[in-house]
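One structure is given below, encoded as structure tokens.
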Amino acid sequence: MPAITLPDGSQKKFDSPVSVHQVAESIGPGLARSALAGRVDGTLVDTSRIIDGDAALSIITSRDEEGVEILRHSCAHLMAQAVQQLFPSAQVTIGPVIEDGFYYDFAYKRPFTPEDLEQIEKRMAEIAKQDFKVERSVMSRSEAIDLFSKMGETYKVKILEDIPEDQELSFYRQGEFIDLCRGPHIPNTGKLQAFKLTRVAGAYWRGDSGNEMLQRIYGTAWADKKTLKQYLHRLEEAGKRDHRKLGKKLDLFHTQEEAPGMVFWHPGGWQVWQIIEDYIRSVQQANGYQEIRTPQLVDMSLWEKSGHADKFGDDMFSLSTDNRLYAIKPMNCPCHVQVFNQGLKSYRELPLRLAEFGSCHRDEPSGTLQGLMRARAFVQDDAHIFCTEEQIQGEVIDFIDILTEVYRDFGFNDIIIKLSTRPENRVGTDADWSRAEKALADAMDVKGLDWEELPGEGAFYGPKIEFSLKDCLGRVWQCGTMQVDFSMPGRLDAQYVAEDGSRQTPVMLHRAMLGSFERFIAILIENYAGELPPWLAPVQAMVLNITDRQSDYCQNVCQSLTERGFRIKSDLKNEKIGFKVREHTIQKVPYLLIAGDREVQNGLISVRARNGDDLGVMTIDEFCHLLNTEVEKKGRAA
């Protein structure tokens, strides 16, 4: 006689074992129709799962995050079924849920085309309408290998052969399609109504470039068609804002095959970089940071001592000379400890804050490179704070205050904060980790921040607070970090003289505000769709003449504004003014300053904003006041 405890604390009792679906029915027909799965004593299960004893139960619907993930996982199976119906010789490999969607890898004799995707999507809709029951079954490994061998599914056989022989395996069948899967899945295909296939890409079998290339079909699925439509709109907007396209269109940067994962900055893009670097430098100087510079090549022995060689050795570039092995630095922290170690420090000198715009290189897989978002060569606004344990909380609180203001200056007000705690593979004692995690949590609580914990996601040497930004499309970008490290200073022999005269090991706080400069600039480009606010724009205003008669006047205006510290250019080409206005509007220049005979006669300029607004005629001083006001607001004006 099972007693089922519901989320509100109420109980339902049954005379015999009961399925999740039957419990939902007993609550109401609407819930029974909406039920996608259940959570029994914390474990996600199918609605067909029988409960034969007392249990806590939550009914999962499409309103729940888990419910949407189950829809997506089931859509992956729906897609695989459609592919095999249309292309019977295609072999199914692996198909997981990913952020906002799903994919499946297929082995097939020819590349899938956009027309194929349309066909597959159409067939998926047809299968969904047939409302096949999705049924779970259990088999031994040998039974499963025999089944998939007869089906000619060689990749599934390879997967099964890597599973321990005594492990019980679950399978899901809908119609003629069956696949190995731990589930849970929706009860029937008719619940899949809002999905879209988005693209096809190449993918190596098991992610190994030494293996054969497969075809990965990506799709997305949502709870309803309205939400799907909204997502596809965001996707379309994201495509328009792609920093790689805008970087080329606005002549900011480029990448090329001769330097994969590394960036060629053009004058405009490098101007943006320098503005950001100068801004971060001024913030750091105002808050007690001292800027340093450390070498690019460091003997591998230092990375072995710090623990990086063991943890990140496969991601490090190295070279050998004079019978010594060097690493091109993948991060800055061990080098900063070497600066700290020059001359014995006193407790009176702590906290000591060392900052570097550190150039790093990491051997990222070629398939993961993505413009500025993921590169092999990048620069971090990296800093390390050497302090006592008692100073941790104050330093973390101060950093949160600084970081919040910096993000607001760039136009980001929605900050998501998470605490990543000890991973399985780590250095240091559990006692150290507990103290470090508590210090970070206490600092956030003192600030009254909303934060969530990410168990097991910390760095190998310490826990960290992750600061993520939400852009205008609702996308989340992890940027800033604050990490407490009790381990590395001791590994690298850092010491200071305490108040009692003893030698003590400092705590090391690793912190970054923007993270990678390259990636942060990409985020800015996409957030603003290339229309960077005036304080960041490489060219803040373009001076345009209507005819050759105004050329000298326009040159004087340009020179006058440049001398006042603004980034101004002039376009004196013999083109119609409408053409020049369109050209520089497309280039996202914040202001166009136009001079005709009347403006020259009266010593004025006609001011036009890039959104097309006519701001009227102004004196040079009036425009300077306008531009100064916008620059001082930074991104807070957006």
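These values consider heavy atoms only, across backbone and side chains, with no hydrogens, waters or symmetry-generated copies. The model shown is predicted, which means the values in this text are computed figures rather than measured ones.
Side-chain contact check for Thr189 and Gln130: no donor-acceptor pair (N or O, by modelled atom type) lies under 3.5 Å. Ser10 and Asp8 form a side-chain donor-acceptor contact under 3.5 Å, judged by distance and modelled atom types alone. Counting only N and O atoms by type, the side chains of Gln380 and Ser516 include no donor and acceptor under 3.5 Å apart. Side-chain atoms of Asn527 and Trp477 form no donor-acceptor pair, as typed in the model, at a separation below 3.5 Å. Using modelled atom types and a 3.5 Å distance limit, the side chains of Glu135 and Gln174 yield no donor-acceptor pair.
Between Phe112 and Phe87, the distance from one ring center to the other falls under 6.0 angstrom. Taking the centre of each ring, Tyr104 and Phe102 stay at or above the 6.0 Å mark. Tyr407 and Phe467 have their aromatic ring centers separated by at least 6.0 angstrom.
Ring planes of Tyr231 and Trp222: tilted class, angle from 30 to 60°. Ring-plane geometry between His77 and His185 is classed as tilted, the angle between the planes lying from 30 to 60 degrees on a 0 to 90 degree scale.
The closest side-chain heavy-atom distance from Ser62 to Leu36 is below 4.5 Å. Put simply, the side chain of Leu440 reaches to within 4.5 Å of the side chain of Val396, judged on heavy atoms. Residues Ile178 and Tyr172 are not in side-chain contact: their nearest non-hydrogen atoms beyond the backbone lie 4.5 Å or more apart. Counting heavy atoms from C-beta on, the side chains of Val18 and Ile50 never come closer than 4.5 Å. At a threshold of 4.5 Å between non-hydrogen side-chain atoms, the residues Tyr108 and Gln215 count as touching.
For Arg435 and Phe486, the positive end sits near the middle of the six-membered ring, less than 6.0 Å away and at most 45° from its axis. Relative to the ring axis of Phe399, Arg511 does not place its NZ or CZ within 45° and under 6.0 Å from the centre.
A salt bridge links Asp146 with Lys150: at least one charged nitrogen is closer than 4.0 Å to a carboxylate oxygen. Salt-bridge check for Lys158 with Glu212: passed, with a basic side-chain N closer than 4.0 Å to an acidic carboxylate O. Ionic pairing of Arg216 and Asp105 is present here: one or more N-O contacts between side-chain nitrogen and carboxylate oxygen are shorter than 4.0 angstrom. A salt bridge is defined here as a Lys NZ or Arg NE, NH1 or NH2 lying under 4.0 Å from an Asp or Glu carboxylate O, and Glu526 with Lys245 fails to meet this definition. Salt-bridge check for Arg422 with Glu437: passed, with a basic side-chain N closer than 4.0 Å to an acidic carboxylate O. The pair Glu466-Lys464 meets the salt-bridge criterion, since a charged nitrogen lies less than 4.0 angstrom from a carboxylate oxygen. Look at Arg39 and Asp64 and you find no salt bridge, because none of the NZ, NE, NH1 or NH2 atoms lies under 4.0 Å from a carboxylate O. The residues Lys129 and Glu126 are annotated as not salt-bridged, no charged nitrogen and carboxylate oxygen being separated by less than 4.0 angstrom. Note on Arg241 versus Glu237: salt bridge recorded, some NZ/NE/NH1/NH2 to OD/OE distance being below 4.0 Å.
Judged by distance alone, with hydrogens and angles left aside, the side-chain atoms of Gln11 form no donor-acceptor pair with the main-chain N or O of Ile4 at under 3.5 Å. Of the possible donor and acceptor atoms, none in the side chain of Ser34 sits under 3.5 Å from a partner among the backbone N and O of Leu31. Side-chain atoms of Glu69 never come within 3.5 Å of backbone atoms of Glu99 as a donor-acceptor pair (strictly under, hydrogens ignored). Put simply, the side chain of Asp242 never gets that close to the backbone of Gly239: no donor and acceptor are under 3.5 Å apart. Proximity of a side-chain donor or acceptor of Asp116 to a complementary backbone N or O of Thr113 within less than 3.5 Å is detected. Checking side-chain atoms of Asn188 against main-chain N and O of Phe132 turns up no donor-acceptor pair under 3.5 Å.
Considering CD of Gln81 and OG of Ser74, their distance stands at 11.5 Å, rounded to 0.5 Å. With rounding to the nearest 0.5 Å, the separation of CZ in Arg519 from NE2 in His243 is 10.5 Å.
A pairwise comparison of heavy atoms in Ala32 and Glu25 identifies CB-CG, 3.6 Å as the closest pair.
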Check the pair Glu176, Gln85 against side-chain hydrogen bond (donor to acceptor under 3.5 Å, both in side chains), reporting the backbone distance first and the verdict last. CA-CA 9 Å; Glu176 80 290 350; Gln85 284 187 5; 3.0 Å; yes

Just do the side chain to side chain contact (heavy atoms under 4.5 Å, CB included) check on Tyr155 and Arg206 with the steps written out, would you? CA-CA 10 Å; Tyr155 289 92; Arg206 288 178 166 166; over 6 Å; no

Working note: Arg376 + Ser366, criterion side chain to side chain contact (heavy atoms under 4.5 Å, CB included); need CA distance, chi angles, decisive distance, verdict. CA-CA 9 Å; Arg376 285 176 171 163; Ser366 58; 3.9 Å; yes

Glu168/Ser140 under side-chain hydrogen bond (donor to acceptor under 3.5 Å, both in side chains): CA gap, chis, key distance, verdict: CA-CA 5 Å; Glu168 189 177 71; Ser140 67; over 6 Å; no

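Residue Phe14 qualifies as enclosed at atom CZ: its count of foreign heavy atoms under 6.0 Å is above 12. The environment of Lys156 atom NZ is dense: over 12 non-hydrogen atoms of other residues, nucleotides or ligands sit within 6.0 angstrom. Summarising the local packing, CZ of Arg63 is surrounded by 12 or fewer heavy atoms from other residues, nucleotides or ligands at distances under 6.0 Å. Counted within 6.0 Å of CZ on Arg182, heavy atoms from surrounding residues, nucleotides or ligands total 12 or fewer; the atom is thus considered open. Atom CG of Asp224 is surrounded by more than 12 heavy atoms from other residues, nucleotides or ligands within 6.0 Å. Crowding of Asp314 atom CG: a count of heavy atoms from other residues, nucleotides or ligands under 6.0 Å not exceeding 12.
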